[in-house]
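The block underneath contains the structure these notes are about, expressed in structure tokens.
Both backbone and side-chain heavy atoms feed into the values below; hydrogens, waters and symmetry mates do not. Note that the structure is predicted; figures quoted are calculated from it, not measured.
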Amino acid sequence: MRTRPWIVDDDLWALIEPLLPPWPERSSGPRPVDDRLCLQGTLYVLYNDVASQLLSLELGFGSGQTCWRRLERWQEAGVFDHLHRILLPGLKAAGELDWSRACVDGSHIRAKKGKLAPVRRRSTSAAAKTT
């Protein structure tokens, strides 16, 4: 494993960068932090299991709030869904997917409609106890 796995290499960045929404030409405020640094800051937070608010400016990724806002902007633009569709076939072809750690989540599937069948339960009342 690499010593700093939150660092995005050039090959991965070449896949990600075209998916990112462009910045408006005339945006108010200071010049935005580079997208690559914001992504690395987010990966640093996730890898080290720290709150984004605690991301130190000295690390060079920008503030935790900046990284959080950028992540939200990318999520709303569908960047990660698109990236997932790009990366998954390549990982599968290379045999790099470990399905032994996969988890199926059916919480997004609607429940069947209809009347529930009553379930017989054992009574716990005193009247039901006969000796």
Is there side-chain contact between [X] and [Y], with heavy atoms separated by less than 4.5 Å?
X     : Y     : value
Phe80 : Arg85 : no
Trp13 : Asp35 : yes
Val33 : Arg70 : yes
Leu55 : Cys67 : yes

Path from Phe61 to Leu46 over hydrophobic side-chain contacts below 4.5 Å: no
If only atom types and distance count, is the side chain of [X] paired as donor or acceptor with the main-chain N or O of [Y] below 3.5 Å?
X     : Y     : answer
Thr66 : Gly62 : no
Asn48 : Val50 : no
Gln53 : Gly64 : no

To the nearest 0.5 Å, tell me how far [X] [atom1] sits from [Y] [atom2].
X     : Y     : atom1 : atom2 : result
Ile7  : Leu12 : CD1   : CG    : 12.0 Å
Leu83 : Leu20 : CG    : CG    : 9.0 Å
Tyr44 : Ser56 : OH    : OG    : 8.0 Å
Leu39 : Asp34 : CG    : CG    : 10.0 Å
Leu37 : Leu59 : CG    : CG    : 11.0 Å
His82 : Leu15 : NE2   : CG    : 10.0 Å

cation_pi(Arg69, Trp74) dist<6.0 Å, angle<=45: no
Donor-acceptor pair between Gln65 and Ser63 side chains, under 3.5 angstrom: no
Verdict with supporting geometry, Lys92 and Trp99, side chain to side chain contact (heavy atoms under 4.5 Å, CB included): CA-CA 10 Å; Lys92 183 177 180 183; Trp99 291 109; 5.7 Å; no
Considering all heavy atoms, the nearest Pro21-Val79 contact: CD-CG2, 3.9 Å
Reference residue His84; test side chain to side chain contact (heavy atoms under 4.5 Å, CB included); the match among Ile86, Leu88, Leu87, Asp81: Leu88
Electrostatic pair Asp10:Arg36 at N-O distance under 4.0 angstrom: yes
